[in-house]
Amino acid sequence: MEALIKFVQDEFVTKKEFAKFSAGDTITVYYEIKEGEKVRTQFFRGVVIQRRGSGLSETFTIRKMSGTVGVERIFPVNLPSIQKIEVNKSGKVRRARIFYFRGLTGKKARITEKRRK
């Protein structure tokens with residue numbers, strides 16, 4: 001049964017190629033929003049808290065601060081309305097899921113940037 005599901009996913013679902021990113025990176029996701037008849041592009045810029053799942057069910061969570069309130073959004077990687085993903089900064093973190101980042105404020109909430117080779 002699993003082989004059949006995997007075959008259908010590989011054949012019929014279109015995969016988009018995006019830039020490689022992981023937890024700790026600051027990224028911008030551009031996605032389409034339909035409002036009645038109109039379609040417009042909106043972006044969401046924040047820090048990647050986690051990537052989870054594999055294949056078609058893979059998702060990633062982004063957290064940003066809107067004023068003093070933290071806003072998190074979960075995006076499926078293969079969402080058709082995602083136009084592009086830009087990596088703004090590559091962060092240096094030791095964990096794959098940085099949920100501790102939710103409790104940090106001010107200067108403690110900074111993530112050091114990876115050195116470029």
Side-chain angles (χ1 to χ4, degrees):
M1 189 67 176
E2 290 180 26
L4 182 64
I5 292 172
K6 185 166 175 32
F7 173 76
V8 170
Q9 287 177 349
D10 291 341
E11 289 294 320
F12 296 110
V13 177
T14 58
K15 290 186 178 180
K16 295 182 180 179
E17 291 297 320
F18 295 118
K20 301 227 186 258
F21 62 92
S22 61
D25 295 352
T26 303
I27 65 171
T28 306
V29 178
Y30 294 88
Y31 59 99
E32 291 180 347
I33 290 183
K34 290 183 181 178
E35 295 176 335
E37 299 294 318
K38 296 181 184 177
V39 177
R40 66 181 179 88
T41 302
Q42 186 170 339
F43 67 90
F44 194 89
R45 177 180 291 130
V47 178
V48 178
I49 288 190
Q50 72 170 342
R51 285 185 78 150
R52 77 181 304 167
S54 62
L56 292 176
S57 62
E58 185 177 3
T59 61
F60 58 96
T61 305
I62 302 179
R63 179 179 177 85
K64 75 172 184 178
M65 293 301 292
S66 180
T68 57
V69 179
V71 179
E72 289 185 11
R73 176 118 196 224
I74 300 171
F75 290 99
V77 172
N78 293 313
L79 188 68
S81 64
I82 292 180
Q83 292 178 340
K84 68 178 177 175
I85 297 176
E86 289 180 353
V87 179
N88 303 103
K89 288 186 200 173
S90 294
K92 182 180 174 186
V93 292
R94 293 182 171 196
R95 296 172 180 264
R97 298 186 175 166
I98 53 172
F99 297 131
Y100 66 88
F101 193 65
R102 294 173 176 157
L104 303 179
T105 56
K107 289 184 180 180
K108 291 179 182 179
R110 284 196 234 160
I111 295 177
T112 57
E113 194 167 352
K114 278 185 191 172
R115 285 187 159 182
R116 304 211 176 170
K117 295 179 182 178

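None of these values were measured; they are calculated from a predicted model.
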Open item on the list: For a quick test of reading the model, state the closest non-hydrogen atom pair linking Ser54 to Ser57 and the distance between them.
Closed with: O-OG, 3.1 Å
Open item on the list: Quick one, Val77 and Arg51 - any side-chain contact, counting heavy atoms below 4.5 Å?
Closed with: yes
Task: Side-chain heavy atoms of Gln83 within contact of Glu32, under 4.5 Å - done: yes
Task: Geometric class of the Phe43/Tyr30 ring pair [parallel <30°, tilted 30-60°, perpendicular >60°] - done: tilted
Task: Check: Ile85 and Phe75 side chains under 4.5 Å, non-hydrogen atoms - done: no
Open item on the list: Any non-hydrogen side-chain atom of Phe18 less than 4.5 Å from a side-chain atom of Val29?
Closed with: no
Open item on the list: Count I, L, V, M, F, W, Y as connected when their side-chain heavy atoms are under 4.5 Å apart, and connections chain through other members. Are Ile62 and Leu79 then in the same cluster?
Closed with: yes
Open item on the list: Tell me the closest heavy-atom pair linking Ala96 and Ala23, and the distance in Å.
Closed with: O-CB, 3.1 Å
- [ ] Kindly confirm or rule out a cation-pi arrangement of Arg95 over Phe101, judged by NZ or CZ under 6.0 Å from the six-membered ring centre and within 45° of its axis?
- [x] no
- [ ] Please report the closest heavy-atom contact between Ser66 and Val71, naming both atoms and the distance.
- [x] CB-CG2, 3.9 Å
Task: Closest non-hydrogen atom pair between Val87 and Ala19, with its separation - done: CG2-CB, 3.9 Å
Task: Crowding at CZ, Arg97 (>12 non-hydrogen neighbours, <6.0 Å) - done: yes
